[in-house]
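Inspection log for the structure reproduced underneath, given as structure tokens.
Values below: all heavy atoms of this structure, side chains included; hydrogens, waters and symmetry mates excluded. Start at 1 with the first residue, then count along the sequence. Treat the numbers as computed from the prediction; the structure is a model and nothing was measured.
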Amino acid sequence: MRKFLVLIMSLCFVSCEKQSEIVISDDIKTFSEFPKEEKKVFKNLREFTFGNPRNMIISDSTLILGNHASGQEYYLHNYSLSTHKFSKPYIAKGRGPGEIVGMASFGLCGNYLMINDFTGKKMMLIDKNKAISGDLGLDRIEYSFENNRYYRINLIDSVQCIATGGEISKFKIQKIDLPTGAIEEFGKLKSYPKDLPSNVFTMASLTQSFLKPTKNKMVLAYVYTDIIEVFDLNTKKSISLQGPEKFDSHFRIHNDKWLENNQTRVAFLGGTTTNKYIYLLYSGKKFKEEKSFRGDQIFIYDWDLNPIKQITLDREVFQISVSRDDKTLYSYDELTGYIVSTALN
């Protein structure tokens, strides 16, 4: 039985401390090492001089880069892997029509490119092909989440999405009907303190989430413990795996807010999926260490959560993307400013 260890700090007339537990599941398999380990060296593709891409996805021969650098007017850039040229940037930063306040994630589904505006509590859909071709007269569909916002969103189709990291829910996953706003929730933690503030629940169980391209499964990779969980979206049942370091999530609560402590570690930073494999970028560092949200380890699993391979990169990165045929890994090196790649097989 795996647990989140929580140190709850209470400010009262005398200082008092107590421990509580959040239990993810009572049936988590563990492992200690991957059956295969490899080292990979990146090669430079093209210098990116427009900021700092913190998200990256691939569509055929185009890399779509999410630029989070301050001072930049737009969020998205396209990089052609065939011509090695950049598109004009698009999706302006702001609160006006067709603008995004604070992009947390973006993704592709069919003919749509989805942008998750965490700060603006909304989601935007645009035509993927027009965005890639550089058609700046983009038609946009926007859906408001009203009083909620989500850390990660994955689009199922043009009218449904799967969201995680909701701030007012104590379920792991919310399936949202976009036109009506109706929400189906599933994925309960095994147990947690009844008086646990929603903010603390969200942060303690925060995950990177990725759909299988077939849309029938979803992987949750926990940020503060090295547990991953795969949900069957038809049955709503899940399987879980922890390792290879097998550390729990440690934190403290102050004024009903989640805060790190000296034992807090960072696990999964991001990732990507294909129909064959799950690829996760891993840190393993203490939260307070320098560059704790950078990693040089790629953990690869199949969809039955069998550990396949551990890859050690020649540098630390913030995000990864993998071609649909599982042959090429892409990332961005913020020290050199280059988009980089390496062959996987």
Side-chain angles (χ1 to χ4, degrees), residues 50-57 64-77 89-109 112-126 128 131 136 138-155 158 160-179 181 183 185 197-211 220-221 223-224 255-260 266 268-271 287 292-293 318-319 332 334:
F50 312 106
N52 184 8
R54 303 292 290 273
N55 309 82
M56 178 183 294
I57 57 176
I64 304 176
L65 309 171
N67 187 6
H68 290 257
S70 60
Q72 299 294 317
E73 296 182 19
Y74 297 89
Y75 274 112
L76 299 181
H77 292 74
Y90 56 104
I91 306 299
K93 298 181 180 181
R95 297 183 180 273
E99 296 179 337
I100 294 293
V101 184
M103 184 179 71
S105 59
F106 61 96
L108 296 170
C109 178
Y112 290 99
L113 172 62
M114 178 278 301
I115 301 99
N116 172 22
D117 186 350
F118 181 81
T119 307
K121 300 181 181 180
K122 68 179 181 179
M123 185 181 73
M124 179 187 292
L125 300 181
I126 61 177
K128 177 195 72 173
L136 300 183
L138 297 172
D139 295 326
R140 298 170 173 86
I141 304 171
E142 294 189 10
Y143 294 104
S144 171
F145 295 131
E146 298 182 352
N147 296 322
N148 204 355
R149 54 185 176 182
Y150 301 95
Y151 180 63
R152 293 289 181 259
I153 291 177
N154 289 266
L155 199 62
S158 61
Q160 295 181 98
C161 72
I162 296 282
T164 59
E167 290 192 319
I168 59 175
S169 173
K170 290 189 177 180
F171 287 82
K172 299 173 187 176
I173 294 174
Q174 290 80 45
K175 183 178 179 181
I176 305 172
D177 181 82
L178 295 169
I183 299 175
E185 298 185 304
S198 293
N199 167 271
V200 177
F201 180 95
T202 299
M203 289 298 298
S205 59
L206 195 66
T207 60
Q208 311 289 353
S209 60
F210 307 97
L211 275 175
L220 306 183
V223 176
Y224 298 114
N255 290 340
D256 288 342
K257 298 294 184 182
W258 181 99
L259 292 174
E260 79 283 354
V266 179
F268 298 106
L269 307 172
F287 186 98
S292 59
F293 283 84
F318 188 85
Q319 75 293 301
Y332 172 74
E334 61 184 345

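Residues Leu76 and Phe106 are in side-chain contact: their nearest non-hydrogen atoms beyond the backbone lie under 4.5 Å apart. Tyr143 is not listed as a side-chain neighbour of Ile176, based on a closest heavy-atom distance of 4.5 Å or more. Counting only heavy atoms from C-beta outward, the side chains of Tyr151 and Glu167 never approach each other to under 4.5 Å. With contacts defined as side-chain heavy-atom distances shorter than 4.5 Å, the pair Phe145/Ile153 qualifies. Between Asn199 and Trp258, some side-chain heavy-atom pair lies under the 4.5 Å cut-off. Within the 4.5 Å cutoff, the side chain of Ile168 has no heavy atoms near those of the Gln174 side chain. In this structure, Ile91 and Met124 have side chains that are in contact, with non-hydrogen atoms separated by less than 4.5 Å. Side-chain contact between Ile126 and Tyr90: present, with at least one pair of heavy atoms (C-beta onward) separated by less than 4.5 Å.
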Walk me through it: do Ser169 and Glu185 pass the test side chain to side chain contact (heavy atoms under 4.5 Å, CB included)? CA-CA 8 Å; Ser169 173; Glu185 298 185 304; 2.5 Å; yes
Could you walk me through whether Val101 and Lys121 pass side chain to side chain contact (heavy atoms under 4.5 Å, CB included), step by step? CA-CA 9 Å; Val101 184; Lys121 300 181 181 180; over 6 Å; no
Thr207/Lys172 under side chain to side chain contact (heavy atoms under 4.5 Å, CB included): CA gap, chis, key distance, verdict: CA-CA 9 Å; Thr207 60; Lys172 299 173 187 176; over 6 Å; no
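The line from CZ of Phe293 to CZ of Phe318 is 8.0 Å long, rounded to the nearest 0.5 Å. A distance of 8.5 Å separates SG of Cys161 from CG of Asn116, quoted to the nearest 0.5 Å. In this structure, Lys128 NZ and Cys109 SG are separated by 9.5 Å, a value rounded to the nearest 0.5 Å. In this structure, CG in Asn55 is found 11.5 Å from CD1 in Ile64, a value given to the nearest 0.5 Å.
In terms of heavy atoms, Gly270 sits closest to Phe210 at C-CZ, 3.7 Å. Closest approach of Ser292 and Leu269 over heavy atoms only: O-CD2, 4.1 Å. The heavy-atom pair separating Glu142 from Gly98 by the smallest distance is OE2-N, 3.3 Å. The two atoms that bring Ser158 and Tyr112 nearest to each other are CB-CE1, 3.4 Å, heavy atoms only. Across all their heavy atoms, Lys122 and Ser144 have their closest contact at CB-CA, 4.1 Å. Residues Pro89 and His77 share a closest heavy-atom pair of CB-NE2, 3.4 Å.
Heavy-atom neighbours of Phe287 CZ from other residues, nucleotides or ligands within 6.0 Å: above the threshold of 12. Other residues, nucleotides and ligands contribute at most 12 non-hydrogen atoms within 6.0 Å of the NZ atom of Lys257. Surrounding OH of Tyr74 are at most 12 heavy atoms belonging to other residues, nucleotides or ligands under 6.0 Å away.
No donor-acceptor pair closer than 3.5 Å links the side chain of Arg149 to the backbone N or O of Gly165.
The closest side-chain donor-acceptor pair between Gln319 and Arg54, if any, does not fall under 3.5 angstrom.
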